[in-house]
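Report on the structure given below.
These numbers come from a predicted model, not from an experiment.
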Amino acid sequence: MDNLLSPWPMFKITTANVTITGLTFVPNFEAFYIGTGSSDVVLDGLTIKNLAGTKSSGINGWNCQKLTISNCVVQYCGVMGSYDSGTKKQTYGICNGIHLGCKDVTLLNNDVSYNGLNGIFINGTTNIICTNNRLMYNGCSGIQHSPVYSSTTSITSTGSIISNNYCYGNYADGIDINWVGTTALPLNASLTGNVCWLNGYFETDTTKPTQDGGGITLRNVTNYSATGNTLLDNAGVAIYMTNAANCIISSNRITNKYTVKEGIAILYSATDVTISANDVSTVGAALQVGGGMVLTRCKVDNDRFISSSASAAIYPSNTYTKFISSNNIYVGSSTVNFYFASEYDMIQFNGPVATYGLYLSLNYTPVTALNITGSTPSSLVYLDGGTKNMLIGSSINNTDTSGTGIGLNINNSTRTTIQGGFIQCSSGTGARLTGSNITSIDVTYSGKTSVNSSATNLYYIGNNIWTSIQTYTVQPYDANMTQRS
């Protein structure tokens, strides 16, 4: 048979109030088909192992209502795919363990593993509770939720809870939610406490990543939360989002030590998105924001982003409206770019090359209580142009010993204010200032050259301190334009 739904299920249910418990099946085709007209169906404690490897899923349901599948084992349904070592891609298998398109579905405490395609495939299903399931070694994703039946017929999926599932060693994603419509679909889903570990590899071989495998994918959907999930060493992006809106990504633990894929990635657009209290440690970028995007009313706060070989976070030159980075820790070896307000962020720059630790491209924007350390023979913080920006209470320490390093480099900026804080490059230049109408208020500068300025109208106000002063390109002036000795 080439179709997923064979005409010969062992049980075909099309009526109401059916309960089947405690049986074991080794079918040649699907064990159960729950179809139109069925409601209040309970399948509990069943074991379904399609050891013949036929082209049928274990349990299929379509147009049914109030279906509960609990404490079941559904394994070895369908045929597994294979891996092409030349193209580095797998050919997908066929048949899901459980394949549903129903209303009001509960999937609880099931073991759905070793199936040819997805463990659980939820297609156009509304009001889903999917919790405490084990999904291992399936030929595609552990859980795939596709809120569409065909290119012309859609069933909006709402009210979903996907929680405390264990997804290990699946060949594609741990959890894949994928809407294929032309506009983003409100999902109204909560994804909480799931574990997605080592997905996206063929037979968990980390030398064989597949073309489609990460932790949690949320493609072209809105209105959801992903909180308290553990996403460990998946081949692809740990949390991948496109066209996100009204979303919270919070308190997730993410690692990826085998590939350079991102920890969290946001693409195409983002509105009212909060990224908060996540702990992300990767080889590639811990956080990636796509280029050419519009980001509106988004907040990244209280996260820890650590990359061993790339930028802790990649923020391209997008349109950022009411976007803020706050109280985050960024640790990486490539430049972090800010095009938006920042407060109480901490940056550890480990770059071995002559590049910036933090690049700022701002206008009318405050950067408050920045704390950045690192070593670069270039500028640790580089403010590129802009007008009426403020650096308030910054701690900037470039530990480079080459003699060419700069702590803060303000390049051709106008009406910039530096207020409070400590700016240092002990073997180089504390601050290099160019542009016009730059004001320094109560700042401590330290370096072989504490300040090197060619700015037009540089004003020192209050208690500025210069240590290890050697030279000034232009002598500083105080607020009364009196030259200081």
Side-chain angles (χ1 to χ4, degrees), residues 1-15 17-36 38-81 92-102 104-123 125 128-145 162 165-172 174-175:
M1 299 297 298
D2 293 327
N3 56 310
L4 294 177
L5 302 177
S6 82
W8 304 297
M10 293 185 69
F11 291 89
K12 184 176 182 180
I13 301 170
T14 57
T15 188
N17 300 310
V18 176
T19 298
I20 301 176
T21 64
L23 299 177
T24 297
F25 304 93
V26 184
N28 289 326
F29 298 100
E30 74 260 32
F32 288 91
Y33 175 73
I34 305 102
T36 302
S38 59
S39 64
D40 296 289
V41 175
V42 176
L43 305 180
D44 182 73
L46 307 179
T47 298
I48 301 169
K49 294 187 178 182
N50 191 343
L51 300 179
T54 62
K55 299 180 180 180
S56 295
S57 300
I59 300 173
N60 282 297
W62 187 246
N63 284 335
C64 54
Q65 296 185 25
K66 296 182 181 179
L67 170 65
T68 297
I69 302 173
S70 57
N71 304 306
C72 293
V73 175
V74 183
Q75 297 179 346
Y76 303 103
C77 298
V79 180
M80 300 295 284
Y92 289 112
I94 55 173
C95 296
N96 308 290
I98 298 174
H99 185 163
L100 303 175
C102 305
D104 302 317
V105 170
T106 297
L107 297 158
L108 177 65
N109 296 329
N110 300 291
D111 183 346
V112 190
S113 303
Y114 304 99
N115 298 289
L117 203 54
N118 302 286
I120 296 173
F121 183 64
I122 306 168
N123 188 25
T125 295
I128 303 161
I129 298 174
C130 181
T131 189
N132 290 333
N133 299 287
R134 187 170 77 160
L135 305 115
M136 299 173 58
Y137 302 107
N138 294 289
C140 195
S141 295
I143 300 170
Q144 181 162 346
H145 177 23
I162 300 175
N165 298 288
Y166 182 77
C167 303
Y168 177 84
N170 300 288
Y171 292 8
I175 300 171

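Judged by distance alone, the side chains of Asn170 and Ser141 never bring a donor and an acceptor atom under 3.5 Å apart.
Taking the six-membered ring where tryptophan is involved, the planes of Phe121 and His99 are perpendicular, since the angle between them exceeds 60° and thus also 30°. Ring pair Tyr168/Tyr137 is perpendicular by interplanar angle, where above 60° counts as perpendicular and below 30° as parallel.
Side-chain contact check for Asp40 versus Val18: every heavy-atom pair is 4.5 Å or farther apart. The shortest distance between side-chain heavy atoms of Ile69 and Leu100 falls below 4.5 Å. In this structure, the side chains of Ile20 and Ile13 come closer than 4.5 Å at one or more pairs of heavy atoms. Between Phe32 and Ile34 the shortest side-chain heavy-atom distance falls below 4.5 Å. For the pair Met136/Tyr166, a side-chain contact is recorded, criterion being any heavy-atom separation below 4.5 Å from C-beta on. Side-chain contact between Ile143 and Ile162: present, with at least one pair of heavy atoms (C-beta onward) separated by less than 4.5 Å. Under the 4.5 Å side-chain criterion, counting only non-hydrogen atoms from C-beta, Ile122 is in contact with Ile128. The side-chain heavy atoms of Cys130 and Asn165, taken from C-beta on, include a pair separated by under 4.5 Å.
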Between Ile48 and Ile59, is a side chain to side chain contact (heavy atoms under 4.5 Å, CB included) present by the stated rule, with each step listed?
CA-CA 9 Å; Ile48 301 169; Ile59 300 173; 3.7 Å; yes
Check against side chain to side chain contact (heavy atoms under 4.5 Å, CB included), Lys49 and Val73:
CA-CA 8 Å; Lys49 294 187 178 182; Val73 175; 4.2 Å; yes
Test log, rule side chain to side chain contact (heavy atoms under 4.5 Å, CB included), inputs Leu107 and Ile129:
CA-CA 6 Å; Leu107 297 158; Ile129 298 174; over 6 Å; no
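The two atoms that bring Gly174 and Cys167 nearest to each other are O-SG, 3.5 Å, heavy atoms only. The nearest pair of heavy atoms linking Trp62 to Cys102 is N-SG, 3.7 Å. For the residue pair Thr14 and Thr36, the shortest heavy atom distance occurs at CB-O, 3.6 Å. In terms of heavy atoms, Ser38 sits closest to Gly35 at OG-O, 2.5 Å. Nearest heavy-atom pair across Cys72 and Gly45 is SG-N, 3.8 Å.
Atoms OH and SG, from Tyr33 and Cys64 in turn, are 8.5 Å apart once rounded to the nearest 0.5 Å. Taken to the nearest 0.5 Å, the CG atom of Leu117 stands 7.5 Å off from the CD atom of Gln144.
Judged by distance alone, with hydrogens and angles left aside, the side-chain atoms of Asn115 form a donor-acceptor pair with the main-chain N or O of Tyr76 at under 3.5 Å. Using a distance-only test at 3.5 Å, with no hydrogens or angles considered, no donor-acceptor pair links the side chain of Thr106 to the main chain of Thr68.
Cys77 does not pair with Cys95 as a disulfide, the SG atoms being 2.5 Å or more apart.
Each of Asn109, Leu23, Asn71 was scored for a side-chain contact (heavy atoms from CB on, under 4.5 Å) with Asp44, with one residue passing: Asn71. Of the candidates Val74, Asn132, Asn133, Asn133 is the only one forming a side-chain contact (heavy atoms from CB on, under 4.5 Å) with Asn110.
Electrostatic pairing of Arg134 and Asp111 counts as a salt bridge here, judged by a charged N lying under 4.0 Å from a carboxylate O.
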